Colleague: 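Quick one: the structure is below, and I'll ask about it shortly.
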Amino acid sequence: MPITLTLPDSSQRHYDAPVPIYKIAQDLSPSLAKCALAGKIKGRLVDTSFIVKENTAIQIITAQDEEGLEILRHSSAHLLAHAVKELFPEAQVTIGPVIENGFYYDFSCKTPFTSEQLSAIEKRMHEIVKRNLPIQRLEWSREKAIAFFKEIGEHYKAEIISAIPNNETLSLYQQGDFIDLCRGPHVPNTKFLKIFKLTKIAGAYWRGDSKNEMLQRIYGTAWTTKEDLEKYLTAQEEAEKRDHRKIAKALDLFHIQEEGPGMVFWHPQGLILYRILENYIREKLTAQGYQEIRTPQILDRSLWEKSGHWEKFHKDMFITESEKHVFAIKPMSCPAHIQVFNQGLKSYRDLPLRFAEFGCCHRNEPSGALHGILRTRAFTQDDGHVFCTEEQIQEEATRFIHLAQDIYNDFNFEDISIVLSTRPAIHVGTEEMWNKAEKALEDTLKQNHIPWKLAPGDGAFYGPKIGFEMKDCLGRSWGCGTLQLDFFMPERLGASYVAQDNTHKVPVMLHRAILGSLERFIGIIIEHYAGILPLWLAPVQTSILTITDKQAVFANEIHQKLQIAGLRTKIDLRNEKIGFKIREHTLQRVPFLLIIGEREASTQTISVRTLHGKDLGSMTTDAFCQLLLETVASKN
RNA sequence: GCUGGCGUAGCUCAGUAGGUAGAGCAGCUGAUUUGUAAUCAGCAGGUCGUGAGUUCGAAUCCCACCGCCAGCACCA
């Protein structure tokens, strides 16, 4: 039966009989055939050995295509498993997917891999590549596949097959003696796999469940060209220099020590940044009709029992006691905010009622989760709770999202992902409530044309949430802003208002934060700006550097003027060369350096040098003040 | 919490057939009065994470604990 194939440029090719992809590539051009990794028909990726039997659109995939690179990485994972099996026959293979920038493969083995073994494995991978092994697709029955993997002692593989639905075709891929279960597609030959590097070893639970065995995971990265690989590795090294823990040490912002794991000692410089953020948010919230409150740090166990936290989270709370009463140090402020709401009778006319608190919370996070100031055990939330009617949800959610976007804008964040998390397996409240709540959040996102990712089952036990996630220097995501709908806790803690019809109704509560935790947000912005904070955030905005001590009097006058103008200034009168002073203050990332020598003193001007070494020339102190104040106001 | 790695001066790091510690920077003292990213010299600085053990002798070897780093799990 003749078939007609449509190419990406809309041209057509005719064949008299079914034809494999590699043949089509050959017919198109020999050079294309040489680098063909796979084919794409009807949006589905297939091996080059795949035989096309019907009229269809077709595309040849090479390493230049995004999908081609993914296939390369996937095949690299198989190559890794192949090498491991040759070197460590007793290791069992499990899964080996593609991830951002590379791949990993999980192995079950008695002893973990060492870093020396990692290089040996990498070397073996290169050897296998040189063997030019064809990679062939096999389609076996379930019985045959299970029997095969059991026979060769690959029990995890057998288990994986058992979990695959009966109606699905089982495909396996063979390169030399190595056979792995895989959906495919794969590159046609191991010779295509050259540009890769194994990066790290780590433990990982089988099926991502901590109750299961811990497997040994090997991570690798793979690229189309050597240059891409080098570029990636250099970029990683550069990214590591942005680590907020390193920068904070260099800039003397804060420290954490053994006696207080996950708890921050803020130094003077760091606290300046902290306070700027706090006051900035305070102003924004006040403008949005929030009223700031402050609630106790520890509260009696009975309140946490009522709220449901004791049952669900008491292992994660710090507990203390006094006179036979057990108290929990608050892990969040919401139950306390309801207590404030409950004081006095509330009318529907009071709603929406917006409370804000810079609530210092303690959570006993697992030791392995702690990470600088991005994940701590003590942190301050820019917390807030909106009490409103069901009808007001949409409007309040929209107001919140606009506010969040407005604030993130001031920090020039471009890479924020928005995640909608829906009901978890264990949750309170009725399905009807959840349906309503999830829909309300989804509608808000839709109405505001905000793209989001869905995270099914990731919601809080009392309600669904919208999360704003930001990335750190190494691309790890951290939750910052959040909006959580709660139809449950107000009722549980006895909140009510008098409605228009004179009945008592339970308000809906919106939990919300924009920075999330001040600690985490500061960590994120340090990495985001690589420590070079914009003027409005810089702990020291300008340093005055004298050439000799003859200019001390004039320098002090300037210092005083700048301080009166509300600028954060340091003065360096040390008997050092100007180059030395410039270097030190530059390393401290001070945005503007004022050089004061005899010339300046005699003309009553200042010479301004930017952090990036640009000479702004001489100007009067007043002109400089104005320049800085304008820059601060613009948040640039 | 789990797996692996790591923990030496204020900071960055060196220090294995086990013989009781070293550099640079910072600090202090002195000299230098200097024009846009490191002036010179001298001095001082460490219970080698903590505890217990092996040994004539431990930063080094063994064990336990604490913390940090990476990943996993967790993240109200």
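Computed from a predicted structure; not experimentally measured. Residue numbering restarts at 1 for every chain, and letters A, B, ... go by the order of the sequence lines.
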Colleague: Name all residues meeting the ring pair (Phe, Tyr, Trp, His ring centres under 6.0 Å) criterion together with A:Tyr408; count only those two or more places apart in sequence or in a different chain, and write none if there are none.
Modeller: A:Phe468

Colleague: Which residue pairs pass the side chain to side chain donor-acceptor pair (under 3.5 Å) test when at least one of the two sits in residues 452-469 of chain A, sequence neighbours left out?
Modeller: A:Tyr462-A:Gln484

Colleague: Detail all sub-3.5 Å separations between protein N/O atoms and N/O atoms belonging to nucleotides 23-32 of chain B.
Modeller:
residue	atom	partner	partner atom	Å
B:rU32	N3	A:Asn575	ND2	3.1
B:rU32	O4	A:Asn575	ND2	2.3

Colleague: Checking the side chain of A:Arg354 only, and the main-chain atoms of A:Tyr290 only, is there a donor and an acceptor separated by less than 3.5 Å?
Modeller: no

Colleague: Mind running a 4.0 Å heavy-atom check of residues 546-557 of chain A against RNA chain B and sending the residues that fall below it, in number order?
Modeller: A:Ile547, A:Thr548, A:Asp549, A:Lys550

Colleague: Atom CZ of A:Arg583 to atom P of B:rG35: distance rounded to whole Å?
Modeller: 18 Å

Colleague: Has A:Glu357 got a side-chain atom pairing as donor or acceptor with A:Thr295's backbone, closer than 3.5 angstrom?
Modeller: yes

Colleague: Taking atom P of B:rG35 as reference, at what distance in whole Å does atom CD1 of A:Ile578 sit?
Modeller: 9 Å

Colleague: Classify the nucleic acid contact of A:Glu240 as base, sugar-phosphate or nothing, counting any heavy atom under 4.0 Å across all strands shown.
Modeller: nothing

Colleague: Salt bridge (charged side-chain N to carboxylate O under 4.0 Å, His left out): which pairs involve residues 416-430 of chain A, sequence neighbours left out?
Modeller: A:Arg423-A:Glu431, A:Arg423-A:Glu438

Colleague: Tell me the stems RNA chain B sits in, counting at least three consecutive Watson-Crick or G-U wobble pairs, each under 3.5 Å on both distances.
Modeller: B:1-7 with B:66-72, B:10-13 with B:22-25, B:27-31 with B:39-43, B:49-51 with B:63-65

Colleague: Measure CZ/A:Arg377 against C1'/B:rC66 and give the value in whole Å, please.
Modeller: 12 Å

Colleague: Any pair with a residue in residues 306-317 of chain A that passes salt bridge (charged side-chain N to carboxylate O under 4.0 Å, His left out), sequence neighbours left out, goes on the list, sorted by first then second residue, please.
Modeller: none

Colleague: What interatomic distance, in whole Å, is found between P of B:rA37 and the corresponding atom of B:rU8?
Modeller: 34 Å

Colleague: In residues 607-619 of chain A, which residues come under 4.0 Å of RNA chain B by heavy atom?
Modeller: A:Ser607, A:Arg609

Colleague: Please list all pairs meeting ring pair (Phe, Tyr, Trp, His ring centres under 6.0 Å) that have one or both residues in residues 198-221 of chain A, counting only residues at least two apart or in different chains.
Modeller: A:Tyr104-A:Tyr219, A:Tyr156-A:Trp206

Colleague: Without decimals, in angstroms, what is the distance between A:Lys110 NZ and B:rG4 P?
Modeller: 16 Å

Colleague: Polar pairs (N or O, both sides) under 3.5 Å between protein and nucleotides 10-15 of chain B?
Modeller:
residue	atom	partner	partner atom	Å
B:rU12	OP1	A:Lys249	NZ	3.4

Colleague: Base, sugar-phosphate or nothing for A:Gly597? Non-hydrogen atoms, less than 4.0 Å.
Modeller: base

Colleague: Under the salt bridge (charged side-chain N to carboxylate O under 4.0 Å, His left out) rule, what pairs show up with a residue in residues 590-599 of chain A, not counting sequence neighbours?
Modeller: none

Colleague: Within the sub-3.5 Å range, which N or O atoms of nucleotides 70-76 of chain B have a protein N or O partner, and how far apart are they?
Modeller:
residue	atom	partner	partner atom	Å
B:rA70	OP1	A:Arg245	NH2	2.9
B:rA70	OP1	A:Arg476	NH1	3.3
B:rA70	OP2	A:Arg245	NH1	3.4
B:rA70	OP2	A:His371	ND1	3.2
B:rG71	OP1	A:Arg476	NH1	3.4
B:rG71	OP2	A:Arg476	NH1	3.1
B:rG71	O3'	A:Tyr219	OH	3.0
B:rG71	O2'	A:Tyr219	OH	3.1
B:rC72	O4'	A:Gly203	O	3.2
B:rC72	O2'	A:Tyr205	N	3.0
B:rA73	O2'	A:Ser210	OG	3.2
B:rC74	O2	A:Arg375	NH2	2.8
B:rC74	N3	A:Arg375	NH1	3.0
B:rC75	O4'	A:Arg375	NH2	3.4
B:rC75	O2	A:Arg375	NH1	3.2
B:rA76	OP2	A:Lys465	NZ	3.2
B:rA76	O3'	A:Tyr462	OH	3.0
B:rA76	O3'	A:Gln484	OE1	3.3
B:rA76	O2'	A:Tyr462	OH	3.3

Colleague: For A:Leu545 and B:rA38, give me the distance from atom CG to atom P, rounded to whole Å.
Modeller: 14 Å

